[in-house]
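Worksheet: the structure to be examined is printed underneath.
The sequence lines fix the lettering, A, B, ..., with proteins before strands; numbering per chain opens at 1. All figures in this text were calculated on a predicted structure; none of them were measured in a lab.
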There are 2 protein chains.
Amino acid sequence: MGYKYNKEDILNVGYDVFRRNGYHNVGINQILKESGIPKGSFYNFFESKEDFAQQVIRQYGETNNCWMKDFFEDCTLSPLECLKSFYSMMMNLNEEDEYSGGCLVNNMSVEIGRQNDIIGSEANHHFIGWLNVLASVVEKGQNLNEITKDFSPLELAEYMHAGFYGVLSRTKVTRNRVYMDIWLEMTFKFIQA
Amino acid sequence: MGYKYNKEDILNVGYDVFRRNGYHNVGINQILKESGIPKGSFYNFFESKEDFAQQVIRQYGETNNCWMKDFFEDCTLSPLECLKSFYSMMMNLNEEDEYSGGCLVNNMSVEIGRQNDIIGSEANHHFIGWLNVLASVVEKGQNLNEITKDFSPLELAEYMHAGFYGVLSRTKVTRNRVYMDIWLEMTFKFIQA
DNA sequence: TAAATTAAACAGAACGGTCTAATTATTTTA
DNA sequence: TAAAATAATTAGACCGTTCTGTTTAATTTA
C-alpha cells in the first residue's frame, strides 16, 4: 500500500483552484481544504507556495503538450482544418465552465509572469512547447499550399496563440463567446494561402 | 489653499502600483506608502480597496479614451496608417518600462474580471469605449477602400484589440517585442482591403 | 466654531510557513 | 522470518506578519 496522498492529486487541485482564482487570491489553506491534505503534508511535498505553483504549471504544461500532439496526430482533416478544429474545441471547453477560468498558464503569465522569474520562465517554457506543436502543423499546411507562406510557421503559431489568448481573456469580462467565434473565422480566413 | 491630498493623485499612484503588481498582490499599505497618504485619509476618500480599484480603472479608462480620440483626430495619416501608428506607439510605450506592466485594464480583467462583477463590468465598459473609438477609425478606412469590408468595423476593432493584448501579455514572459512587431505587420497586412 | 481631514492605535481574520509529535512504510539486522 | 531501526509521511497547533478595515482623537481648513 502506498501513502495516503500523492503529489499528482494535489497538483490537480492546485490547477483547478489557481485557474479559477489566480495566484495571489488563493491561500495555501484553500488548497489544503479542497485537497484534504494537511499542512504538514503539503510542506513535505512542496517547498513553498511558489514551488507548488511552478509544479502545477509544469504538470499542466506537459499534459497539455501531449494532449495537443495526440489531437493533431489523430486529426484526419487537413492541417488548416485541424488547427481550426483545435481552437474550436478549446473554445467549447472554455464555454463549458462559462469562461470562469481561461488558461492557467496565460493567467499566471499575466498576473505574476513579469514579477516572478520562476513562474515566468516556467510559463514561457511551456508556451514555447505548445507553439512548436502548432508550428509543425502550420508547416504541413504551408507545404500543402493551404496556409500562407508569407510568414514562418512559428510566426504564424505565435500569431494564433496570442490572438486566441487575447479573445479568451476578453471573455473574462464579456462573458460570452461572440468575438471568440468571429476571431476564429477571421484568423483562418487571413492565414489561408 | 486646498487640502493636502487629492483623489486624483492617489488614483494615479494606484494606477502605477496596480498595473505593475496586480490587484491581490498589492496591499492598501503599499498605496498609502507610495502616495504618502495616511490610512485615515484613504478610507475617507474610498470605501474599500475594491472601490479604490474601480475608481483607478475608471480614471484611466476615461483618460485613455480621450487620449485615443485626440490621437486619431490629430493623426494626419490615412486611417489604416493611423491605426498602425497607434499600436506602434503603444508598443513603444510598453517597451519603455520593459513590459513590466502591460495594460492595467487587461491585467485586472484577467486577474479578477471574472470573479468580481464590479471590476469586471468597469473594465468591460472602458474596453467598449476604446473599441468604439477604434471602430470609427476602421470605418473611415473601409469607406476609403483601405480596410477590408468582409467584417464590420467593431468586429475588426475587437480583432485588433484582442490580438494586441494577446501579444502584449506574451511579452510578460518573453520580455521582448519580437512577436509584438510581427503581430503588427501581420495584422495590418491581413485587414487591408 | 463646525466640518473635513489627518494621524495613529487597534481590531480580527488570513497569510505563508515552521515545528513537534505521532503514525505509517520501508529497510536492516538477528 | 521476526524484530528492530530508520525513513517518510501525516497531523495540526502555532509563529510572526500582513491583510482590510475601524475607531478615536488631534489637527487643519472654511
Among all residues two or more places apart in sequence or in another chain, which pass the side chain to side chain contact (heavy atoms under 4.5 Å, CB included) test with A:Asp97? A:Arg19, A:Ser100
To the nearest angstrom, how far is A:Leu32 atom CG from C:dA14 atom P? 14 Å
What integer distance in Å separates A:Asn25:CG from D:dC19:C1'? 13 Å
Atom-to-atom span, CG of A:Asn44 to P of C:dT18 - whole angstrom: 13 Å
Atom pair distance, as rounded to whole Å: NZ in A:Lys7 and C1' in D:dA8: 14 Å
Just to verify, what does B:Thr63 make a side chain to side chain contact (heavy atoms under 4.5 Å, CB included) with, not counting sequence neighbours? B:Gln59
Please confirm whether the shortest side-chain N or O distance from B:Ser41 to OP1 or OP2 of C:dT6 is below 4.0 Å. yes
Do A:Glu8 and A:Asn12 pair up side chain to side chain, a donor and an acceptor below 3.5 Å, judged on atom types alone? no
Between CD1 of A:Ile31 and P of C:dG17 the distance, given in whole Å, is 13 Å
Name all pairs fulfilling the salt bridge (Lys or Arg N to Asp or Glu O under 4.0 Å) condition that reach into residues 115-140 of chain A, sequence neighbours left out, sorted by first residue then second. A:Arg58-A:Glu122, A:Asp117-B:Arg175
Short of 4.0 Å, heavy atom to strand atom, which residues of residues 108-120 of chain A count as contacting DNA chain D? none
Exercise answer: donor-acceptor pairs, residues 24-32 of chain A side-chain atoms, under 3.5 Å, sequence neighbours excluded:
{"unit_1": "A:His24", "atom_1": "NE2", "unit_2": "B:Asn25", "atom_2": "OD1", "d": "3.3"}
{"unit_1": "A:Asn25", "atom_1": "OD1", "unit_2": "B:His24", "atom_2": "NE2", "d": "3.3"}
{"unit_1": "A:Asn25", "atom_1": "ND2", "unit_2": "B:Gln115", "atom_2": "OE1", "d": "3.3"}

Report each atom pair, protein N/O against N/O of nucleotides 20-23 of chain D, whose distance is under 3.5 angstrom.
{"unit_1": "D:dT20", "atom_1": "OP1", "unit_2": "B:Val26", "atom_2": "O", "d": "3.3"}
{"unit_1": "D:dT20", "atom_1": "OP1", "unit_2": "B:Ile28", "atom_2": "N", "d": "3.4"}
{"unit_1": "D:dT20", "atom_1": "OP1", "unit_2": "B:Lys49", "atom_2": "NZ", "d": "3.1"}
{"unit_1": "D:dT20", "atom_1": "OP2", "unit_2": "B:Ile28", "atom_2": "N", "d": "2.8"}
{"unit_1": "D:dG21", "atom_1": "OP2", "unit_2": "B:Tyr43", "atom_2": "OH", "d": "3.3"}
{"unit_1": "D:dG21", "atom_1": "OP2", "unit_2": "B:Lys49", "atom_2": "N", "d": "2.9"}
{"unit_1": "D:dG21", "atom_1": "N7", "unit_2": "B:Lys39", "atom_2": "NZ", "d": "3.2"}
{"unit_1": "D:dG21", "atom_1": "O6", "unit_2": "B:Lys39", "atom_2": "NZ", "d": "2.6"}

Taking only residues two or more places apart in sequence, or in another chain, which ones meet B:Ser85 in a side chain to side chain contact (heavy atoms under 4.5 Å, CB included)? B:Phe71, B:Leu77
Apply side chain to side chain contact (heavy atoms under 4.5 Å, CB included) to B:Ala123 and list each qualifying residue two or more places apart in sequence or on a separate chain. A:Val173, B:Val105, B:Ser109
Whole angstroms only, please: what is the CD1-C1' distance between B:Ile37 and C:dA4? 13 Å
Hydrophobic cluster of B:Val110, others only, ordered by chain and residue number, side-chain cut-off 4.5 Å: A:Val110
